[in-house]
Amino acid sequence: MGKQSSPIDSVISFIKSNNIKFVDLKFMDFPGQWQHFTIPISQFQADSFENGFGFDGSSIRGWKAINESDMLIIPDPTTMFVDPFIKAPTISLICDVYEPITKEKYGRCPRNIAQKAEAYLKSTGIADTAYFGPEAEFFVFDDVRFDSGPNYAFYQVDSNEGKWNSGREENPNLGYKPRFKEGYFPVPPTDQLVDLRNEMVLNLESLGIEVEAQHHEVASGGQCEIDMKFRPLLKAADQLLMFKYVVKNTAIKNGKTVTYMPKPIFGDNGSGMHVHTSLWLKGKPLFAGGGYAGLSDMALYFIGGLLKHAPSLLAITNPTTNSYKRLVPGFEAPVNLAYSSNNRSASIRIPYGNSPKAKRIEFRCPDPSANPYLAFAAILLAGLDGIQNRIDPGEPLDKDIYDLSPEELKDVPSTPESLGHALKALQDDHEYLLKGNVFTEDVINTWINYKINKELKPAALRPTPFEFEQYFDV
């Protein structure tokens, strides 16, 4: 047998045999956005996977000061894909961020934190693989406008299928627009986005991303969901960023725009990112057992960890001020911290599975504004803390939580009311995130300070249109 080619050899061979002209280097900033720069193929060789490429870290949100700005990115050869949205033949590579002098991975690099989380899991001996399956909902709009200044502020989004346009002159208006809260699974012509979602799916599959289903979601005005097959933690986070990239760019090519903002529409459902999770060891699932809903004790302790740490965890899994406009009663949002089998009003659900391999838990609080590397790592660490400390999740809540009386609800804890409350919880409760040096005090403090100074305080200073509606005539 001949020598098996390495991932680096495979990339170099692919470049030569497919006449690739450019390499696009993608990496993750601190808050959770992909960044990139592109190099011509003449500047890319096999040793690029060792030497990397320098860039200015002071220009990336949450990173270096200007007097220590030099940084290095080194591409991961296992992440190569042909970029379908760049005109010249281009491969994309996802990169890790390094300190240029020491060649150590940068402590605030989100992908590094996810890698450390996987390494810590293995070091515990509890499991060797954590699978994650995120369901990132999104809105497709036909027009979006927003701006703010010293004396004005506004936003306006529009969708041809929005119920608010049922009386608009459209020459002609044909009337098929999902009613508010009734956008789940209607067939065309009410569902006007099936062809667009199919194109998104085909683009995803062309990049090797396995799609399980696509459908319209509950909200009127273009809310959609495309479900991907679960992957190990790091690969799941990489794949989610590829997913968002493909969905946004497919929409733009079709004259539409996509947002993963959790609550862009008032009075209708917001976009969540339910996260399915399970632990495995040596190819065997660990969450299946003889307990409640077919769960193992390990799975129940994992749930206990999630419920205990949820207020602080949400500072990472629901990291925007807009996130908490979704987490309100009445819109299927999981505002009550409880677990249940198949009860979608609980923040943790145990989905039906017809085999031990399908046994998993579904954490329903997160939303797609999260940085997936940080979110998945934090979810894993909270669950592991539950396992290590045998945290009892309490009794399941199998009733419809929204039908419970105030007396029945008083002992059911709720999610934080705002990003500020979640950040305070994170400040008070983050020891579980420091295990294995996965997160560091520097990362936690930088995250809290960034969110307070760049998002919370600026939002608090600005008058809103609703405040004018409420208070102009006082």
Side-chain angles (χ1 to χ4, degrees), residues 27-33 35 52 55 57-74 76 94-124 126 130 132 233-234 236-238 241 305-306 308-319 366 370-389 419 422-456:
F27 63 99
M28 190 60 145
D29 70 7
F30 197 55
Q33 293 282 336
Q35 308 293 327
F55 71 101
S58 67
S59 297
I60 304 299
R61 299 180 298 171
W63 280 2
K64 295 279 193 174
I66 197 165
N67 62 319
E68 51 175 11
S69 60
D70 289 344
M71 301 194 78
L72 197 67
I73 56 172
I74 296 180
D76 180 342
I94 301 173
C95 302
D96 295 308
V97 183
Y98 286 75
E99 297 279 8
I101 297 175
T102 64
K103 278 289 186 79
E104 292 179 350
K105 288 186 176 178
Y106 182 44
R108 296 182 196 172
C109 171
R111 198 166 190 263
N112 176 29
I113 292 169
Q115 290 165 334
K116 289 194 292 182
E118 288 191 320
Y120 173 65
L121 173 65
K122 292 177 181 177
S123 77
T124 66
I126 292 171
F132 283 81
L233 190 155
L234 180 68
D238 286 344
L241 293 172
L306 288 181
K308 176 183 177 181
H309 297 298
S312 62
L313 188 58
L314 264 62
I316 296 172
T317 63
N318 302 69
N371 182 326
Y373 298 114
L374 303 184
F376 297 166
I379 290 169
L380 175 62
L381 289 166
L384 287 177
D385 188 63
I387 294 169
Q388 290 162 332
N389 292 291
L419 179 59
L423 291 170
K424 178 61 168 64
L426 179 61
Q427 198 166 38
D428 295 340
D429 173 33
H430 62 260
E431 288 296 321
Y432 68 99
L433 296 172
L434 304 178
K435 291 181 179 179
N437 200 40
V438 176
F439 288 78
T440 62
E441 289 284 2
D442 173 70
V443 167
I444 298 296
N445 291 334
T446 302
W447 182 262
I448 292 171
N449 291 333
Y450 181 90
K451 289 291 172 180
I452 290 173
N453 294 317
K454 298 294 187 181
E455 297 177 29
L456 271 181

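Values reported hereafter were calculated over all heavy atoms of this structure, with side chains retained and with hydrogens, waters and symmetry mates removed. The structure displayed is predicted, hence computed values, not measured ones.
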Non-neighbouring partners of [X] that pass side-chain hydrogen bond (donor to acceptor under 3.5 Å, both in side chains), sequence neighbours left out:
X: K424; result: D428
X: Y120; result: Q388
X: N453; result: none
X: D96; result: R111, Q115

Contacts of [X] that satisfy ring pair (Phe, Tyr, Trp, His ring centres under 6.0 Å) - sequence neighbours left out:
X: Y98; result: none
X: F132; result: F376
X: Y432; result: H309

| field | Check: M28 and V97 side chains under 4.5 Å, non-hydrogen atoms | value |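 Sidechains of M28 and V97: no contact.
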
| said: Quick one, C109 and Y373 - any side-chain contact, counting heavy atoms below 4.5 Å? | reply: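 No, too far: nothing below the 4.5 Å cut-off.
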
Non-hydrogen atoms of [X] and [Y] that approach each other most closely:
X: A370; Y: A375; result: CB-CB, 4.0 Å
X: P31; Y: N371; result: O-CB, 3.5 Å
X: G107; Y: V443; result: O-CG2, 3.4 Å
X: P311; Y: K308; result: CD-O, 3.8 Å
X: A422; Y: L314; result: CB-C, 4.3 Å

Mind checking the [atom1]-[atom2] spacing from [X] to [Y]? Nearest 0.5 Å is all I need.
X: I94; Y: D238; atom1: CD1; atom2: CG; value: 4.0 Å
X: I74; Y: F27; atom1: CD1; atom2: CZ; value: 13.5 Å
X: I444; Y: E431; atom1: CD1; atom2: CD; value: 10.0 Å
X: L384; Y: I379; atom1: CG; atom2: CD1; value: 12.0 Å
X: I60; Y: F30; atom1: CD1; atom2: CZ; value: 13.0 Å

| request: With sequence neighbours left out, write down each residue that passes side-chain contact (heavy atoms from CB on, under 4.5 Å) with A117, or none if nothing qualifies. | output: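 Residues passing side-chain contact (heavy atoms from CB on, under 4.5 Å) with A117: L233, A377, L380, V438.
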
| query | With sequence neighbours excluded, what pairs up with A378 under the side-chain contact (heavy atoms from CB on, under 4.5 Å) test? | reply |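 Residues passing side-chain contact (heavy atoms from CB on, under 4.5 Å) with A378: L313, I316, L433, F439.
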
| message | K116: which residues meet the salt bridge (Lys or Arg N to Asp or Glu O under 4.0 Å) condition with it, sequence neighbours left out? | response |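 For K116 there are no salt bridge (Lys or Arg N to Asp or Glu O under 4.0 Å) partners, ignoring immediate neighbours.
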
| message | For residues 434-451, which residue pairs pass the salt bridge (charged side-chain N to carboxylate O under 4.0 Å, His left out) check, not counting sequence neighbours? | response |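 Residue pairs with at least one partner in residues 434-451: R108-D442, D385-K435, K451-E455.
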
| query | Would you say T124's side chain and L121's backbone share a donor-acceptor pair under 3.5 angstrom? | reply |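 The answer is yes, because a donor-acceptor pair under 3.5 Å joins these two groups.
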
| query | Do E118 side-chain atoms and L234 backbone N/O form a donor-acceptor pair below 3.5 Å? | reply |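 Yes; at least one donor-acceptor contact below 3.5 Å.
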
| query | NZ of K122: more than 12 outside heavy atoms within 6.0 angstrom? | reply |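 No, NZ of K122 has 12 or fewer neighbouring heavy atoms, counting only those of other groups under 6.0 Å.
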
